[in-house]
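Comments concern the structure below.
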Number of protein chains: 2
Amino acid sequence: MARGRASTFDATREQILDQAARLFAAQGYPGTSMNQVAEACAVSKPTLYHYVRDKHELLAQICETHVLELATLVAEVDVQGQAQGLSPEQRLRLLITRFMQAYGRSQNQHRVLTEDVKFLNDEDQARLKAIEREVVDAFANAIVAARPALQAAKLHKPVTMLLFGMINWTFTWLKPDGELSYDSVAPMVADLFFGGLGAVATEAASAPDAKAHHALHTP
Amino acid sequence: MARGRASTFDATREQILDQAARLFAAQGYPGTSMNQVAEACAVSKPTLYHYVRDKHELLAQICETHVLELATLVAEVDVQGQAQGLSPEQRLRLLITRFMQAYGRSQNQHRVLTEDVKFLNDEDQARLKAIEREVVDAFANAIVAARPALQAAKLHKPVTMLLFGMINWTFTWLKPDGELSYDSVAPMVADLFFGGLGAVATEAASAPDAKAHHALHTP
DNA sequence: CCTACCGATCGGTAGG
DNA sequence: CCTACCGATCGGTAGG
């Protein structure tokens with residue numbers, strides 16, 4: 001009996017988090033009222049507060065769950081890459097595909113993570129940023145493994161962020177019910193990126209101090 | 001005298017719009033109060049309302065000014081491209097450079113345009129979206145001019161959005177006072193993009209129906 | 001005495 | 001240009 005209730009509690013809580021993510025993604029965190037969240041879940045506000053401590057917990061839980069899912073993805077690809085003996089390029093392609101699929105599944109959560117994380121308190125923000133940094137580092141390492149010359153030219157970090165730009169920005173133009181799917185865009189991103197790395201690396205090789213040269217604002 | 005007041009009025013109004021853009025970018029539109037805007041401008045709230053009709057007008061003005069600046073940029077590059085006889089690739093490179101420079105100058109405004117445009121009313125939103133679409137189309141046309149094969153493969157639109165992903169996402173990791181400048185990243189974006197287009201176009205040529213194949217979610 | 005909720009309202013603050 | 005407010009709604013919680 002107690003277990004039955006507990007499982008109902010957890011399932012209800014997950015539905016609430018999902019509705020909150022949808023509303024936060026559409027209206028922003030400060031633009032969404034707890035009344036709206038309660039209404040979307042078809043419960044009264046006191047009932048809503050039975051499942052979550054306060055509004056901040058909603059945001060923290062949504063962001064944490066999503067960022068942990070991304071970190072898990074990275075770990076899984078690591079394991080799979082070792083087990084199947086994938087090449088660095090194959091590993092990065094798998095990473096890109098898995099991330100795009102995750103974004104497709106969790107579009108709302110992803111938008112909340114990118115746009116509303118600033119409304120968390122400093123402690124939660126620091127904790128999640130640390131996990132995000134691990135994820136970004138994993139991509140950067142995969143890129144360096146595939147194209148070691150980039151690290152030598154100190155181009156691996158900006159190039160990593162350009163890759164994240166391509167895949168993260170998709171939430172503004174790829175719609176779950178649209179003509180193009182996340183699965184179809186993933187290989188385009190990978191092809192564009194790997195094709196482009198050659199050009200960037202070539203430029204870096206011919207002008208190894210390109211970054212230092214460009215780093216200062218033109219006077 | 002009246003003219004003297006008018007010019008002061010306009011200058012004060014611009015400072016207010018700039019402060020508002022800074023606050024909206026940092027806290028979001030619903031998360032920013034008119035009291036905060038007034039305080040940041042060192043004026044009372046009634047004084048603030050002497051320069052702007054309401055909160056909504058602040059947002060609309062910030063977004064419209066910025067998107068019109070981007071549209072102007074496109075027009076200027078068109079003129080310059082014709083006058084100097086630039087190749088399609090040179091024109092697109094110039095477009096990328098000019099946009100990155102504009103983002104560097106107007107980071108707050110750009111963040112507001114991308115994250116808070118949803119809080120405008122339907123009419124303003126439709127008007128600005130139409131201008132945005134013109135800008136995106138100009139990029140798409142420049143890309144097609146440089147690589148006609150992409151249009152045949154119906155890849156020019158997603159590829160255009162991937163390019164926008166790279167340059168738009170920079171506002172999350174490029175800081176005006178950071179180690180890397182917008183000017184130094186612009187050629188990296190262009191090199192990565194043009195290098196990658198070859199790979200995407202090659203894939204498209206070897207499998208012309210790749211998009212149709214990928215367009216449906218895997219069953 | 002517990003849980004799971006309801007209708008009503010709390011103290012503060014929003015935009016204006 | 002300020003103090004002083006309004007109708008409403010905010011996030012959160014009272015009693016039953």
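We name chains A, B, ... by the order of the sequence lines, and we start the count at 1 in each one.
B/Phe119 pairs by the ring-ring contact (aromatic ring centres under 6.0 Å, His included) definition with B/Tyr29, not counting sequence neighbours. In this structure, A/Gln15 has no side-chain hydrogen bond (donor to acceptor under 3.5 Å, both in side chains) partners at least two apart in sequence or on a different chain. In this structure A/Glu132 satisfies the side-chain hydrogen bond (donor to acceptor under 3.5 Å, both in side chains) test with no other residue, sequence neighbours excluded. In this structure A/Tyr49 satisfies the ring-ring contact (aromatic ring centres under 6.0 Å, His included) test with no other residue, sequence neighbours excluded. By the side-chain hydrogen bond (donor to acceptor under 3.5 Å, both in side chains) test, A/His156 pairs with no residue at all, sequence neighbours left out. Listed by chain and residue number, A/Phe9 satisfy the ring-ring contact (aromatic ring centres under 6.0 Å, His included) test with A/His50 (two or more places apart in sequence, or in another chain).
Taking the six-membered ring for Trp and thresholds of 30 and 60 degrees, B/His110 and B/Tyr103 have nearly parallel ring planes, at less than 30 degrees apart.
Atom name P, nucleotides C/dG12 and D/dA8: the rounded distance is 22 Å, in whole Å. Across D/dA4 and C/dG16, the matching C1' atoms stand 13 Å from one another, rounded to whole Å.
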What pairs of donor and acceptor atoms, side-chain ones from residues 36-48 of chain B against any protein atom, are under 3.5 angstrom apart with sequence neighbours left out?
residue	atom	partner	partner atom	Å
B/Gln36	OE1	B/Ser33	N	2.9
B/Ser44	OG	B/Thr47	N	3.3
B/Ser44	OG	B/Thr47	OG1	2.8
B/Lys45	NZ	B/Asn35	OD1	3.4

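The stretch residues 41-56 of chain B touches DNA chain C through B/Lys45, B/Tyr49, B/Asp54, B/Lys55, each having a heavy atom under 4.0 angstrom from the strand. Of the residues in residues 20-30 of chain A, not one places a heavy atom less than 4.0 Å from an atom of DNA chain C.
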- [ ] Give the C-alpha distance, both sets of side-chain angles, the deciding distance and a yes or no for side chain to side chain contact (heavy atoms under 4.5 Å, CB included) between A/Leu192 and A/Met166.
- [x] CA-CA 10 Å; A/Leu192 184 63; A/Met166 286 195 280; 3.6 Å; yes
- [ ] Mind running side chain to side chain contact (heavy atoms under 4.5 Å, CB included) on B/Asp191 and B/Arg93 for me, showing each step along the way?
- [x] CA-CA 9 Å; B/Asp191 289 339; B/Arg93 281 183 179 272; 2.9 Å; yes
- [ ] Kindly indicate, with the supporting measurements, whether the criterion side chain to side chain contact (heavy atoms under 4.5 Å, CB included) is fulfilled by A/Val189 and A/Leu163.
- [x] CA-CA 8 Å; A/Val189 171; A/Leu163 173 58; 3.8 Å; yes
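Applying ring pair (Phe, Tyr, Trp, His ring centres under 6.0 Å) to B/Phe164 and the options B/Phe193, B/Phe139, B/Trp169 leaves one that passes, B/Phe139.
Taking atom CG of residue B/Leu58 and atom P of nucleotide C/dG15, one finds them 11 Å apart after rounding to whole Å. Atom-to-atom, CG of A/Asn35 to P of D/dA8 comes out at 16 Å; the value is rounded to the nearest Å.
Residue pairs that meet the salt bridge (Lys or Arg N to Asp or Glu O under 4.0 Å) test with at least one member in residues 98-108 of chain A, sequence neighbours left out, are A/Glu69-A/Arg105.
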- [ ] Dot-bracket notation for DNA chain C is requested: 5' to 3', Watson-Crick or G-U wobble pairs only, both distances under 3.5 Å, with ( ), [ ], | and . as defined.
- [x] .....|...||...||
Would you tabulate the nitrogen or oxygen pairs shorter than 3.5 Å linking the protein to nucleotides 10-13 of chain C?
none

